[in-house]
Structure formats: C-alpha cells, structure tokens
Student: 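Please see the structure below; I have some questions.
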Protein chains: 2
Amino acid sequence: MSREAALTTSIRDVAGRAGVSVGTVSNVLNRPDVVSPATRERVRSAIAELGFVRNESARHLRAGRSRTIGLLVLDIANPFFTDVARGVEEVAEAAGLSVLLFNSGGRPDKEAEHLEVLAEQRVQGVLMSPIAELMPQVWAMRERGVPVVLLDRRSPGPEQCAVAVDDVLGGRLAAEHLLERGHRRIVFLGGASTLPQVQERRAGAQAAVDAVGGAGADGGPRPSLLALPGNELTVAAGREAAARIMGLPVQRRPTAAVCANDLLAVGLLQELVRHGVDVPSSFAVVGYDDIDFAAAAAVPLSSVRRPRAELGRRAAELLLDEAGGGHHHHEQPVFEPTLVVRESSMARRDPAADQEEPS
Amino acid sequence: MSREAALTTSIRDVAGRAGVSVGTVSNVLNRPDVVSPATRERVRSAIAELGFVRNESARHLRAGRSRTIGLLVLDIANPFFTDVARGVEEVAEAAGLSVLLFNSGGRPDKEAEHLEVLAEQRVQGVLMSPIAELMPQVWAMRERGVPVVLLDRRSPGPEQCAVAVDDVLGGRLAAEHLLERGHRRIVFLGGASTLPQVQERRAGAQAAVDAVGGAGADGGPRPSLLALPGNELTVAAGREAAARIMGLPVQRRPTAAVCANDLLAVGLLQELVRHGVDVPSSFAVVGYDDIDFAAAAAVPLSSVRRPRAELGRRAAELLLDEAGGGHHHHEQPVFEPTLVVRESSMARRDPAADQEEPS
DNA sequence: AGCCACTGCTGAAACGTTTCACAGTGGTCC
DNA sequence: GGACCACTGTGAAACGTTTCAGCAGTGGCT
C-alpha cells in the first residue's frame with residue numbers, strides 16, 4: 001500500500017496501474033458484472049495495492065445526492081435521545097445511509113447553524129426535534145426541497161411528517177395516578193420550558209387535576225397543580241427544584257411532583273432523599289420518558305414510558321419514504337405513552353390530611 | 001425564493017441573476033473584501049432571492065480537504081461518551097469544523113464500517129475509542145494519511161497521539177478505598193471485557209489487594225479479588241451481576257464491588273437494593289467514570305471520576321494540531337482519576353467478621 | 001461476403017466549486 | 001504623456017467521480 005497518500009489516490013491512478021480506463025474502474029466499483037472477470041481482478045488488485053478509497057464528495061457531486069441523512073436532537077446528554085438515535089440508525093443503516101448526528105442543546109443558534117451545515121452537505125433529509133416554535137430555518141429547508149420530519153413533536157399541519165407521542169395523555173396519566181393515590185397538591189416541574197412537548201404534558205396534568213373538581217369524593221380538598229420557575233430539563237435543575245419545594249411552608253408544600261422528564265425527576269429524587277424526605281410516603285415523584293436510569297434512581301422512579309427506539313425508527317422510515325421521491329403521503333403518527341409505576345409513587349395518601357389552610 | 005429547487009441552484013445561477021461571473025460570486029462568498037460594495041450587494045441579493053446554498057461536496061472536492069472530523073465512540077448510550085463528545089464539539093466548533101459522530105456499540109464490524117465511511121468522507125482526522133486491540137483498519141487509516149487520535153486508550157507506542165486516563169491508578173484507588181473500609185472479599189465487575197481500559201482497572205484493583213499481603217494489620221484475612229463472568233458494561237449487566245452475587249454462599253460472597261463503569265454499578269445497586277441488601281452496610285459499591293447519574297443512583301454512588309469533557313477537548317486539540325500540517329509532535333497525555341466517595345461505600349466493616357471458611 | 005448482436009472497454013462530458021492568470025479601467029507619479 | 005499602480009472583474013482549468021455514446025473485436029447466421 002502506498003504510504004501517506006492513499007487518500008489522494010484517484011480512480012485514475014488505479015486505472016493506470018491496472019492498464020484500463022477510468023470508466024472501467026468505475027464499472028468494477030459500481031457494476032462489476034459488466035466487466036470481464038480477468039479485468040475485474042486486475043482492477044481489484046490495483047485498488048488493494050494502492051489502498052484506493054472512493055472519494056464520497058466526488059461521487060456525491062456527480063450523483064447529485066448524498067448518502068446521508070441528518071439527525072438533529074435537542075439534548076444528546078438525555079438518554080431518551082440516544083435511544084431514539086439508535087432507532088434512526090437502525091433504519092438508516094438498512095438503507096445504506098449514514099447518519100449525521102448533531103446536538104442543538106436547546107440553543108436556537110446552534111439549531112440554525114446545524115441545519116445550515118446539513119443543507120450544505122445536501123443530506124437527503126433531516127430528522128429533528130425542534131426547539132420552540134417551528135423556525136423559519138425549518139421552512140427554508142422544506143422550501144429548498146429537503147424533507148424534514150419532526151421528531152417528538154406534533155406537526156402544526158398536514159404539510160409535513162411528524163412523529164410524536166401524545167404528551168397530553170402522558171401528562172394526564174401521570175397526574176391521574178397521583179390523584180388516585182390521594183395527592184391533592186401536585187407540582188409540575190419544568191413547566192416554564194417553552195417546549196411544546198412540555199406544555200402539552202403540563203396541560204394534560206392540569207386537565208386531570210381540573211377533572212377532579214370540587215371537594216373530591218374522598219373528602220379531600222380541591223386539587224391544584226403548582227408551577228415552579230425554571231425551564232431547564234436537567235438533573236441539576238431537578239436538584240434545584242428540590243430545594244425550592246422544601247423551602248415552601250408546609251401548608252402549601254406539594255406532596256407530589258410530575259416532572260417534565262426523567263432527568264428532572266432523578267435530580268429531584270436525589271436531593272429529596274439526601275435531605276431525608278421519604279419517597280414516596282412523604283413525597284411522590286413521577287418522571288417522563290422512562291429512560292433506563294429511571295428504574296435505577298435513588299428510589300425506583302415511576303415514569304411515563306415512551307417508545308423511544310420505535311419513535312426513531314418510524315421517523316426514519318417516513319423520512320426515507322419522503323426522500324425516496326415516489327408519491328409520498330405525509331403522516332403524523334402519534335404514539336401512546338404508558339405509565340410505569342414504581343416505588344417513587346406507590347404510597348397512598350389521605351387527601352383529608354392535606355386540607356389547605358384557609359387563605 | 002425559488003420553490004423546491006434551491007438546493008439545485010448553483011453559483012452559476014446566482015452569477016446569471018446578478019450579472020457577474022461565477023468567479024465573482026465565489027469571491028463574494030469567500031473573500032468579500034476584494035469585491036466592490038455595489039457588486040457585493042447585488043450578488044448577495046441574488047443569493048437571497050434564489051435561496052442559494054453552497055454545495056459542500058463541490059467545495060471539498062475542489063479544496064481537497066473537508067471541514068469535518070470523525071468521532072467514533074464505543075457506546076453512545078453511556079453518558080461518559082456524550083460528555084466526551086461535548087468536549088470534542090467545543091474544540092471542533094471553535095475551529096469551524098463539523099463533527100461526524102458514530103457509534104461502534106462495541107462491535108468490531110461497525111467500527112470498521114464507520115472508519116471506511118469516514119475515510120470516504122475524507123475527514124481531516126478521526127478520534128476514536130477503539131474496541132479491543134488496535135485494528136488493522138486503524139493502521140490503514142494512518143497509512144492513508146488520516147490522523148487518528150486514540151480516545152480513552154493508551155497508545156502502544158509513540159507513533160500516534162492518545163488521550164487516556166490512568167486506569168491502573170483508578171482501579172487501585174477504588175480497591176484501596178474498599179480495603180481501608182475493611183472489605184476483604186471484593187468482586188470486580190466487568191472484568192471479562194477485553195477492553196484494555198477495563199483490564200487496567202482490574203489490574204489496579206488487583207495490585208491494591210495484593211499489596212495488603214497476609215493477614216492484615218487489622219487482623220482480617222488475606223484479601224481477595226473475585227471475578228465474575230460477563231463482559232458487557234451496561235445497566236442490565238449490572239443487574240444480572242447482582243443476582244449472581246446474591247446466589248453465592250454467604251461464606252464466599254463478596255462484601256463489596258469495584259465496577260468497570262458506572263452503568264454496571266447503577267444496575268448492581270438497583271438490584272441489590274430491590275432485594276433488600278443494605279448498601280453500604282451489607283455491601284459496598286464503587287463505580288467508574290462518575291457520570292451525572294452516579295450521584296443520583298439508588299444509593300449515591302462512590303465513583304472514580306475522570307475528566308470527561310477535558311478528555312474530549314484535549315483529544316480534539318491534538319487531532320487538529322496533527323491535521324494542521326505543521327510539525328506535529330505526538331503526545332500521549334494521561335489524566336489522573338480521582339475517587340469521589342459517596343454513600344454507597346461509606347460504612348466500615350470489621351475484617352475479622354469476614355474470616356473465610358478454612359478451605 | 002455481408003450483416004447483426006453481443007461483449008468489453010474507452011474517452012469525454014458533466015456535476016459545482018475555487019483559484020489563478022489575466023484584462024480592463026482609472027488614478028498617480030515622474 | 002508614458003509608466004506604473006491599485007482595484008475589479010473575467011473565464012477557464014481543475015478537483016474525482018459516474019454515465020453514456022460509441023468503438024473494436026468476435027462469432028453466428030444468412
């Protein structure tokens with residue numbers, strides 16, 4: 001193998017060495033059947049001897065389309081997204097495509113920047129979990145003819161594919177569960193986030209709370225859903241929330257939390273336990289996503305499970321279909337979340353015990 | 001903006017629209033200062049009107065080098081690696097490079113495949129945490145002239161850059177800590193992995209155990225380091241290990257574990273706690289990596305901390321230096337790990353209580 | 001002998017960009 | 001008034017590949 005220069009070795013060098021034309025080398029590479037066995041072997045030897053590696057840029061330039069798709073996630077440090085990414089890769093790999101994985105980290109400027117790079121790379125399409133409202137950049141991508149499939153986000157309209165989970169239902173499941181257990185003062189963590197997913201989870205929880213109406217059948221007071229400032233969805237933010245909650249006067253202190261994701265829940269749990277708050281008897285916690293770490297948290301965490309890898313697979317399939325060029329029909333599948341109850345919310349609570357002070 | 005075709009809009013179309021030559025458009029893009037303000041504006045308007053986006057493949061083809069580096073990690077689901085990736089991205093971004101992130105998932109075939117893709121993409125260099133022994137593919141990459149920096153792995157020789165952590169020390173720190181606490185029968189989890197990093201951790205732990213020698217000063221028996229089958233480094237594998245440990249007869253059952261990484265430790269903890277084993281008083285656990293979830297585990301996890309983002313940053317810096325073309329001096333920095341003691345290993349144990357049955 | 005079909009290969013065009021030698025145009029200096 | 005300069009802009013070559021029209025050779029058929 002030639003030293004230090006294999007990557008500057010072109011198909012022309014191979015042709016020279018094998019004593020054939022460049023067209024023939026290309027044929028050996030792409031349609032070996034049209035080349036005679038003898039020539040084929042000669043070319044293959046030359047390729048091996050020179051350590052020739054195709055130049056993907058040149059291929060792509062000539063072909064007009066690349067062999068890659070883009071995946072732009074909100075937070076690569078969240079295991080939810082790495083699981084989604086696994087599903088995406090599975091499908092992409094089966095189709096012979098590479099995945100360009102980028103992380104917006106929740107920062108719109110990063111998101112825009114990465115979309116730009118993906119456009120410059122002429123990816124066949126982009127899978128993205130967008131931040132906040134659909135950005136102009138997203139529309140620009142579509143106008144440029146790059147298919148975009150929204151990931152973990154409902155589409156505002158039928159003009160694009162979107163793979164989502166029914167987050168209103170998820171929020172409701174979490175809250176209903178806590179209400180059933182007798183909790184009346186519930187706090188929703190992460191609610192200050194502007195992510196629509198989070199807002200839907202909160203709305204679902206609110207709906208469940210509202211549905212209980214006045215003095216419950218169990219004699220408890222009217223339930224309420226508190227909110228705390230803070231829009232980050234990280235373990236650290238969960239820890240801070242714990243401090244805030246414990247800082248509240250006992251009469252107004254919630255007895256349970258619905259967390260916008262598991263990272264928050266894990267941080268919250270950790271800090272509560274560290275301060276001697278007994279979970280679940282003194283305080284119950286429900287997370288969201290059911291990441292692998294949820295079951296291994298300070299107290300095994302009840303969580304709203306979402307089909308993570310399946311979400312990624314489905315999104316990738318839709319993207320490939322759309323990029324395929326055939327007559328594509330946009331779809332907006334919505335998966336149903338399920339509640340996984342673990343120890344962190346297992347205790348029952350007497351609603352009457354939480355009668356609020358007369359205000 | 002033209003519809004549906006912006007990505008097939010070339011610099012030539014822009015030139016036509018602006019009434020200039022393609023060379024001038026290119027100049028506006030790359031050296032705007034050599035173009036007169038009036039022309040510059042005209043070209044910029046044309047670009048905006050047409051929604052023109054540079055074709056990176058064509059740029060790259062002409063330039064001969066791409067604006068990307070490759071990052072190939074062992075397990076993207078392990079937060080350790082996402083933290084490392086964050087460090088890498090930081091440095092790459094500052095240099096105006098994109099990072100192509102791939103996951104080998106510990107599978108050599110995937111690793112080879114992804115390296116091939118990276119070579120075809122003509123990345124400026126590759127950062128990788130290799131599986132097992134250095135593969136022929138890695139040498140091939142170097143022979144092709146693609147700089148490769150080993151990540152989380154000591155280099156066998158001085159002919160390449162490698163960024164690592166002193167895993168022998170790390171293993172030793174973990175074991176010494178447990179020995180000091182009075183543990184005499186310690187199990188090492190994950191030891192069947194062929195990853196050199198893991199073997200070094202085990203060797204370090206073994207050294208610490210051996211150093212205690214005969215009947216300890218504290219009157220306890222000669223300490224021992226057990227091994228269990230199982231080479232996976234996942235939460236699930238940690239759970240399985242718990243079952244194995246609890247299946248051992250009490251006289252031979254270890255009283256503490258050093259885990260090859262935190263995923264194992266978290267799984268182990270979870271299952272031990274679930275079966276009512278009190279951690280740390282009945283069983284102590286020390287993990288490795290100190291990922292964010294360690295502190296939030298079933299019992300806050302003692303762990304050997306490694307400078308994760310710093311590892312990524314340093315590796316990326318070395319890669320950029322090597323790819324830069326100047327006179328590059330290979331370096332093999334080795335970072336020192338530190339032990340973070342948390343509750344999972346805090347109890348003291350009386351060594352005499354663990355006198356082994358006479359064999 | 002003439003024609004055809006088939007096989008195997010060639011050589012050039014094209015993809016979209018950057019770069020570079022060069023040309024045109026005024027202005028400045030001697 | 002000529003030489004020189006700075007400033008703008010032009011147009012073609014080149015990057016490495018794929019594709020495609022076409023050519024040469026071979027063998028079979030009429």
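By convention in this document, chain letters (A, B, ...) are assigned in the order of the sequence lines, proteins followed by strands, and residues within each chain are numbered from 1.
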Student: Return no unless some side-chain N or O of B:Ser57 is found under 4.0 Å from OP1 or OP2 of C:dC15.
Tutor: no
Student: When the distance from CZ of B:Arg54 to C1' of C:dG16 is rounded to whole Å, what number comes out?
Tutor: 12 Å
Student: Under 3.5 Å, is there a donor on one side chain and an acceptor on the other for B:His330 and B:His328?
Tutor: yes
Student: Without decimals, in angstroms, what is the distance between A:Arg40 CZ and C:dC9 C1'?
Tutor: 14 Å
Student: Quick one, B:Val88 and B:Arg313 - any side-chain contact, counting heavy atoms below 4.5 Å?
Tutor: no
Student: Between B:Leu97, B:Leu71, B:Val84, B:Val99, which is the residue that forms a side chain to side chain contact (heavy atoms under 4.5 Å, CB included) with B:Glu89?
Tutor: B:Val99
Student: Would you mind reporting whether B:Val334 and B:Val165 have side-chain heavy atoms less than 4.5 Å apart?
Tutor: no
Student: With nearest nucleotide decided by heavy atoms, which residue, A:Thr39 or A:Ala58, maps closer to the 5′ end of DNA chain C?
Tutor: A:Thr39
Student: Output the distance between atom CG (A:Leu118) and atom CE (A:Met141), rounded to the nearest 0.5 Å.
Tutor: 5.5 Å
Student: Whole Å only: how far is the CZ atom of B:Arg12 from the C1' atom of C:dA14?
Tutor: 10 Å
Student: Rounded to whole angstrom units, what separation is found between the CZ atom of A:Arg122 and the C1' atom of C:dC15?
Tutor: 12 Å
Student: Taking the side chain of B:Ser10 as its heavy atoms from C-beta onward, which of C:dG16, D:dG11, C:dA12 lies nearest to it?
Tutor: C:dG16
Student: Please give me the minimum heavy-atom distance between A:Leu61 and B:Ala58, naming the atom from each residue.
Tutor: CD1-CB, 3.9 Å
Student: Atom CG of B:Asn55 and atom C1' of C:dT18: how far apart are they, to the nearest Å?
Tutor: 13 Å
Student: With no hydrogens and no angle check, just 3.5 Å: does a side-chain donor-acceptor pair link B:Asp13 and B:Thr9?
Tutor: no
Student: Rounding to a whole Å, what distance do you find between B:Asn27:CG and D:dA12:C1'?
Tutor: 15 Å
Student: Taking the side chain as every heavy atom from C-beta outward, state whether B:Leu150 and B:Pro130 have any atom pair closer than 4.5 Å.
Tutor: yes
Student: C:dC15 P sits how many Å from B:Ile11 CD1, rounded?
Tutor: 14 Å
Student: Report yes if a side-chain nitrogen or oxygen of B:Asn30 is closer than 4.0 Å to either non-bridging phosphate oxygen (OP1 or OP2) of C:dT18; otherwise report no.
Tutor: yes
Student: Closest approach to the side chain of A:Arg59, judged atom by atom: which nucleotide of D:dG16, D:dT8, D:dT18 is it?
Tutor: D:dT18
Student: Please list, in numerical order, the residues of residues 60-69 of chain B that have a heavy atom closer than 4.0 Å to any atom of DNA chain C.
Tutor: B:Arg62
Student: Is any side-chain N of the basic residue among B:Glu49 and B:Arg42 closer than 4.0 Å to the acidic one's carboxylate O?
Tutor: no
Student: Heavy atoms only, 4.0 Å cut-off, all strands: where does B:Ser26 land among base, sugar-phosphate and nothing?
Tutor: base
Student: Taking the basic N atoms (NZ, or NE/NH1/NH2) and the acidic carboxylate oxygens, is any pair closer than 4.0 Å for A:Glu56 and B:Arg122?
Tutor: no
Student: Quick one: bend of the helix from C:dA1-D:dT30 to C:dC30-D:dG1 from 5 pairs per end, to 10°?
Tutor: 60°
Student: Considering only C:dT17, D:dT17, D:dG9, which nucleotide approaches the side chain of B:Thr24 most closely?
Tutor: D:dG9
Student: Roughly how many Å is it from CG in A:Asp33 to C1' in C:dG8, rounded to a whole number?
Tutor: 12 Å
